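The structure under discussion appears below in the form of structure tokens.
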Amino acid sequence: MRHITILFTILFTAISFAQDTGSVYGTLTDKEFNNEPLAFANVLIKGTTTGVTSDIDGVYRLDNLDPGTYTIQFSFVGYETIEKQVVVEAGKEIKLDIIMFASAASLDEVVIKTTAKKETETALLLDQKKATTIKQSIGAVELSRKGVSDAAGAVTKISGISKQEGGGNVYVRGLGDRYLNTTYNGLTLPANNIEKKNMDLNLFSSDVIQNVGVSKTYAANFYGDFAAGNVDIVAKEHTGDFFLDVNLGSNFNTNAIGKNFVKSEGTGYFGFYNRYRNNPFAVILSHGVDPQGIDGSLGVEGNFSSGKSWEIGEESRLSLFTTAAFGSSFEYRRGQFANVTAAANTIFQDAEEFEFTRNTTAMANVVYRINSDHKIKFNSLFINDATDEVGRFGIDGRGYNRNTIADNDDFGFFTQNVQFEQDMIFVNQILGTSTLSEKLKLDYGLGYNKVLARQPDRKRIALERFENTLDNDPNTNAIFFRNVEFDNQRYFQNIEDSEFNARVNLSYEQSETLKFNFGYNGRTKERTFDNQRYGYDIINPLTEIEDVNNFDAFFTRENQGVLYNTSVFRPLDPANGLGRENLPGQLENTYEGNLDVHAVYADAVYKIGEKWTLVPGVRVESFNQEISYDVINLSFNNPGSNEAKETFFLPSLNVKYALTEDQNLRFSASRTVSNPEFKEVAPFVYENVTDRIGGNPDLLNDPAFSTIINLDLKYEWFIDSGEIFSIGLFNKTINDPVNLVSANDATGTQRFFRTGDRADVFGIELEVRKRLLEDEDENSILSAGMNITYTSTTQDLKTVSGTFNTNFNRDSDELQGASPILINADISYSPTFGEYKPVANLVFSYFSDRIDALGSGQLGNIIEKGVPTLDFVWKNTINKNFEINASVKNILDPTIERVRENVSFDAALANDLGINPNLSEFALSSYKRGINASIQFKYKF
């Protein structure tokens, strides 16, 4: 009884004490970043040592305050200190929310901290925690730590994401390019490559990236063409005093060192080509076909970044961030390249490729904060990506082509391919935010994009009896292959994309528990394509070439009309006697495409108590796509155009349940669509050395789109700063899916078809990030992270008839592009020795085998084999101004392979090739990329 009395006495005293004091609580938000919560800010009662720090949600609380008047100071490094006076009453709680904004009067040391704030892992985990959709991001700090050089590498560090080896084609949850959207500051981007829907993420240097976010669940503000997710690249911006960073470095590839590198004649070191204005026929007459040598094989890297802010009056501030970068690299590949179809077509068991890549990036980001309520930005981005590639196929004299005419065994075939590709991308955007009142906020953006993707003067020469060049006998020589007049050719291609896009979102906060968003986003896109080809028609059969390293000696003006003729598909004016030989010609293939997407949407963010957040939304989207084409490989009665018009009604629901302050349970359900892209519907066929790919205009027939039902369930636990554990399940049902299919014929041309009625995707994602060792100030010394994704896909297959036909010898298969297993892992070690702060990172990734193209008829699938990669990145901060950084990437140097499944060869051919006539898989490409090493020196002024 005595114990009970004591307990009641303590309880009564506590209650009485609580009634004699008051509390102040609230949330700190960051005006610089769309009023997001401001974590780890200081809240102090002025004139005392009493204070707290805002938590990861920006929430603070001061309890047990005696009644009276207090002045409370709110501060954060690099932000204006705000003072508010409050009157505390006994037994009452006062809610005081504060909006913080940055100060331009910060010290240089402070500037570094504030500009990195929304680039750090902790800040982005906060963003992930607060998001109403399932979203993951990686910021500039983590990109730097892991040695990631571009956006493609960035997204692969996020769970459930991989990319195509050797390219920037990204796969999210096993779904490839056609199911993904890419935006820049929330506005759409065009594709730079005829074979892709999205812009190559390799083109976005880490120098322009503040963070990259991947939203894996749908919300009404996203375009309806959504299945795998939306990748949004956020440009860097600056607030603070002047700074200047300069970074210089060099890189090399272990395969390329010591090789005599060559590139296309006429291309500049910085990746520009100055003959676009010239008629292709004039280029052919005045310039040869041989590649030219390059001095050395050592790549260079360099960039600078600079920023400055100016205070204008009492409230306005103008901030400028600029960056410019250039990088070059060399890669040498040697291995097998082949095209194996219904008839064994072309097999090069020994081939080599020389690749010389240059990338130039420049960006300016101007931010004008008119006052605390209005901010406007102008962002301008320019990218020039250029690649010289010289391939020599059949260098062992054993290249095989079943169409050879000089030898009975069809061996001794050789092809030299010299090409230059240049993509110039111009992106200009105006973005803004305005607080119209306490309840109304406006967010908007307007953009114009321009892409010039060109492949000027590709030179392709084919020979037979190439083994004669290897026998050291001057009396035996290779001969020109002349099955058709375009076996030796010059090729010119141009793509031009232009796009206007816009977005606007008006949010209305009715109360603390209910917020509405009303918005519009849309895009108007136009593409033009043309190509022109000139064949070298060798006049006499069995014409010899004495020097395979000097084709220019044969293709001279003097020999034109004597040893060879030039030929075009479309003569200029045949009615007036202007024929195909030794004259300019018309364009060979052309197409024009137009895309118009306009949508309105609405959603509500409804909070029920402290636990539940419901976000129902709906989008109504108008879709109109047209394409007209004039290509040489279609029947004469084809209409030459197609069009689709649709209106989509797309509902969505996102639910978040806060199990605790640090744990969330999320659920998402939505209906979306997948629309065909120009490259999928344009029937033009692009011919590589060993494969062909083209579009299919029937994709715009009924149905003109795929409908997708998306379901997601995820648990996430934000353990501590920079630490997380999460597990998620996802399911997608895709009606009328589109797949790339390899034709069951001699050419094996790959085209896009609606191959079945339904595909199902089911997967599970697991992510863990953990600090393993900390110093006395709780800074991480050793940390590790891993994410694993398992995806199961299945689709039914059917016979397709139309402009092009296809059929299958099976009723179902996996979905093209889906890897069953994805793994990303890293370990980071970051000790401190005075001012010397090294950071060592070991970064691993792996994707398992996936279908690159479905095989039709009796033809097996083309499989992209799984690839493990291991990178080591070593950052050395010598002092506050100077860094020396090094990296070694692709340490495992795995074999990169694409294989054809279930291949059968004629016994005699198999014997000549030295292989089994019946193989479970045969390599269409197989090579190693080599290990890449680099070193950079960075100085901060």
Side-chain angles (χ1 to χ4, degrees), residues 27 36-37 39 55-59 121-138 158-161 172-174 213-222 226-230 511-515 517 603-618 651-672 708-733 761-771 785-792 822 824:
T27 302
E36 295 178 3
D55 65 14
I56 197 170
D57 296 317
V59 175
E121 294 168 69
T122 299
L124 292 173
L125 282 177
L126 169 63
D127 182 58
Q128 178 179 335
K129 180 181 178 181
K130 301 295 290 183
T132 55
T133 60
I134 296 178
K135 176 184 178 182
Q136 289 175 268
S137 301
I138 182 169
I158 294 173
S159 62
I161 302 181
V172 177
R173 290 176 164 179
V214 180
S215 297
K216 300 177 185 177
T217 58
Y218 182 70
N221 61 301
F222 293 127
F226 183 107
N230 187 92
S511 65
E512 291 183 5
T513 59
L514 182 59
K515 176 182 176 181
N517 288 290
D603 68 33
V605 181
Y606 181 41
K607 296 182 179 180
I608 304 175
E610 298 293 328
K611 300 288 188 180
W612 290 93
T613 302
L614 306 181
V615 188
V618 64
S652 62
L653 174 65
N654 287 278
V655 179
K656 183 176 72 171
Y657 178 71
L659 297 167
T660 68
E661 290 186 0
D662 300 317
Q663 299 179 64
N664 292 327
L665 187 65
R666 297 178 182 271
F667 170 76
S668 175
S670 62
R671 178 182 184 268
T672 58
I708 305 167
I709 303 299
N710 309 280
L711 296 173
D712 288 84
L713 180 66
K714 185 177 184 179
Y715 164 78
E716 54 191 15
W717 177 20
F718 299 87
I719 303 168
D720 202 347
S721 176
E723 297 184 341
I724 186 175
F725 170 83
S726 69
I727 186 169
L729 303 175
F730 59 90
N731 178 262
K732 298 178 184 295
T733 300
V761 180
F762 172 79
I764 182 170
E765 291 178 329
L766 174 68
E767 180 179 15
V768 179
R769 296 190 207 175
K770 180 64 178 173
R771 293 184 174 190
M786 173 179 284
N787 59 74
I788 302 174
T789 302
Y790 170 76
T791 305
S792 173
L822 301 173
N824 298 303

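Since we're looking at a predicted model, the values are computed, not measured.
Proximity of Q663 to E716: side-chain heavy atoms (C-beta onward) are nowhere separated by under 4.5 Å. By the 4.5 Å heavy-atom criterion applied to side chains, V768 and I724 are not counted as neighbours. The closest side-chain heavy-atom distance from N731 to L729 is not below 4.5 Å. By the 4.5 Å heavy-atom criterion applied to side chains, V761 and F730 are counted as neighbours. Using a 4.5 Å cut-off on side-chain heavy atoms (C-beta onward), I727 and I764 make contact. K515 places none of its side-chain heavy atoms less than 4.5 Å from the side chain of K607. The shortest side-chain heavy-atom distance between T513 and W612 does not fall under the 4.5 Å cut-off.
When only modelled atom types and interatomic distance are considered, N710 and K732 share a side-chain donor-acceptor pair under 3.5 Å. For the 3.5 Å distance criterion, the side chains of N654 and S668 qualify, holding a donor opposite an acceptor.
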Please determine whether side chain to side chain donor-acceptor pair (under 3.5 Å) holds for the pair T672 and S670, giving the CA-CA distance in whole Å, both sets of side-chain angles, and the decisive distance to 0.1 Å.
CA-CA 6 Å; T672 58; S670 62; 5.3 Å; no
Check the pair E765, K216 against salt bridge (charged side-chain N to carboxylate O under 4.0 Å, His left out), reporting the backbone distance first and the verdict last.
CA-CA 12 Å; E765 291 178 329; K216 300 177 185 177; 3.1 Å; yes
Yes or no on ring pair (Phe, Tyr, Trp, His ring centres under 6.0 Å) for W717 and F725, after CA distance, side-chain angles and deciding distance?
CA-CA 5 Å; W717 177 20; F725 170 83; 7.1 Å; no
Take R769 and E723, measure what salt bridge (charged side-chain N to carboxylate O under 4.0 Å, His left out) needs, and give me the verdict at the end.
CA-CA 5 Å; R769 296 190 207 175; E723 297 184 341; over 6 Å; no
Check step by step if side-chain contact (heavy atoms from CB on, under 4.5 Å) holds for V605 and T613.
CA-CA 7 Å; V605 181; T613 302; 3.9 Å; yes
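Listed for the K611 side chain is a donor-acceptor partner under 3.5 Å among the backbone atoms of L659. At distances below 3.5 Å, at least one donor-acceptor pair connects side-chain atoms of T660 with backbone N or O atoms of D662.
Looking at every heavy atom in both residues, L713 comes nearest to L665 through CD1-CD1, 4.4 Å. Between G617 and D603 the shortest heavy-atom distance is CA-CB, 3.7 Å. Minimum heavy-atom separation, A604 to L514: CB-CD1, 4.5 Å. Contact record, N664 with A658: OD1-CA, 3.8 Å, taken as the closest heavy-atom pair.
Ring geometry for Y218 against F222 counts as tilted: the plane angle lies between 30° and 60°, on a 0 to 90° scale.
Atom NZ of K714 and atom CD of E767 lie 6.5 Å apart (nearest 0.5 Å). Between the CZ atom of F762 and the OG1 atom of T733 there is a distance of 12.0 Å, given to the nearest 0.5 Å.
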